[in-house]
Amino acid sequence: MFLQQFEQIVEGAKQSKMGIEKKRAETKATKDKLNDEYLELIEKGRKYQAIVREFQEECRKTELLVAKCKELVYNMMIKFMTFWCHIKFQKSIICDVVFLFL
């Protein structure tokens with residue numbers, strides 16, 4: 001009787017151990033999967049940050065080009081008005097008035 005009870009205890013311990021090992025393996029698999037997903041998200045975050053930096057640099061370049069274009073247009077307008085005044089009005093008083101508004 002004692003031996004039979006002891007064997008039952010041993011069998012219960014074995015089954016408990018198997019259950020614990022199974023749960024441990026499932027937990028490890030879940031952990032590994034989550035870790036892989038985490039690493040993928042970290043990589044996506046790095047790529048996102050690189051793209052944002054690149055976009056910001058392109059925006060900065062665009063702003064410089066727009067400013068340069070505005071300056072060129074303004075200078076061309078001044079040159080045109082100067083030329084127009086020389087041709088049409090031979091530096092008359094009208095040219096002085098036109099330049100007041102620029």
Side-chain angles (χ1 to χ4, degrees):
M1 175 112 169
F2 174 75
L3 188 57
Q4 191 178 19
Q5 288 177 341
F6 185 72
E7 287 174 351
Q8 287 176 346
I9 292 172
V10 169
E11 185 61 32
K14 285 180 183 178
Q15 288 179 358
S16 178
K17 180 183 174 188
M18 287 174 42
I20 291 171
E21 287 176 351
K22 180 181 175 186
K23 182 68 175 169
R24 181 179 167 266
E26 291 171 355
T27 303
K28 184 180 182 318
T30 301
K31 178 189 159 256
D32 291 344
K33 180 182 175 211
L34 291 172
N35 191 50
D36 290 344
E37 289 176 15
Y38 172 74
L39 293 176
E40 285 178 31
L41 290 172
I42 292 292
E43 185 60 29
K44 285 181 182 180
R46 287 183 184 134
K47 288 178 181 178
Y48 175 78
Q49 289 298 324
I51 289 169
V52 167
R53 279 192 300 274
E54 185 179 333
F55 178 74
Q56 289 172 333
E57 178 62 20
E58 292 302 318
C59 288
R60 188 189 66 78
K61 289 178 185 177
T62 299
E63 289 172 4
L64 290 174
L65 289 172
V66 166
K68 195 172 233 178
C69 286
K70 286 180 180 180
E71 182 182 347
L72 288 172
V73 167
Y74 179 77
N75 289 338
M76 291 296 290
M77 203 167 75
I78 296 291
K79 287 179 182 179
F80 173 76
M81 293 303 292
T82 303
F83 176 74
W84 184 67
C85 287
H86 283 292
I87 298 295
K88 294 290 182 183
F89 300 104
Q90 301 295 320
K91 293 188 177 183
S92 69
I93 296 175
I94 296 173
C95 287
D96 294 335
V97 172
V98 169
F99 280 111
L100 287 176
F101 293 105
L102 292 178

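Counting begins at 1 with the first residue of the sequence. Remember, predicted model here, so these are calculated numbers, not experimental data.
The hydrophobic cluster analysis finds L72 isolated: no Ile, Leu, Val, Met, Phe, Trp or Tyr side chain comes under 4.5 Å of it, directly or through other members. L39 shares a hydrophobic cluster with Y38, I42; the chain of contacts runs through ILVMFWY side chains whose heavy atoms sit under 4.5 Å apart.
Ionic pairing of E21 and R24 is not present here: no N-O contact between side-chain nitrogen and carboxylate oxygen is shorter than 4.0 angstrom.
A distance of 9.5 Å separates CG in L65 from CD in E58, rounded to the nearest 0.5 Å. In this structure, the separation between CD on E11 and CD on Q8 is 9.5 Å, given to the nearest 0.5 Å.
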Could you go through K31 and L34, starting from their C-alpha distance and side-chain angles, then the distance that decides it, and tell me whether this counts as side-chain contact (heavy atoms from CB on, under 4.5 Å)? CA-CA 5 Å; K31 178 189 159 256; L34 291 172; 5.9 Å; no
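Screening residues 46-57 for side-chain hydrogen bond (donor to acceptor under 3.5 Å, both in side chains), with sequence neighbours left out, gives E57-R60.
Checked against salt bridge (Lys or Arg N to Asp or Glu O under 4.0 Å), K28 has the following partners two or more places apart in sequence or in another chain: D32. In this structure K70 satisfies the side-chain hydrogen bond (donor to acceptor under 3.5 Å, both in side chains) test with no other residue, sequence neighbours excluded. Applying the side-chain hydrogen bond (donor to acceptor under 3.5 Å, both in side chains) test to N75 and every residue at least two apart in sequence or in another chain returns nothing.
Atom CD of Q4 is surrounded by 12 or fewer heavy atoms from other residues, nucleotides or ligands within 6.0 Å.
S16 contributes no side-chain N or O that, together with a main-chain N or O of G12, makes up a donor-acceptor pair within less than 3.5 Å.
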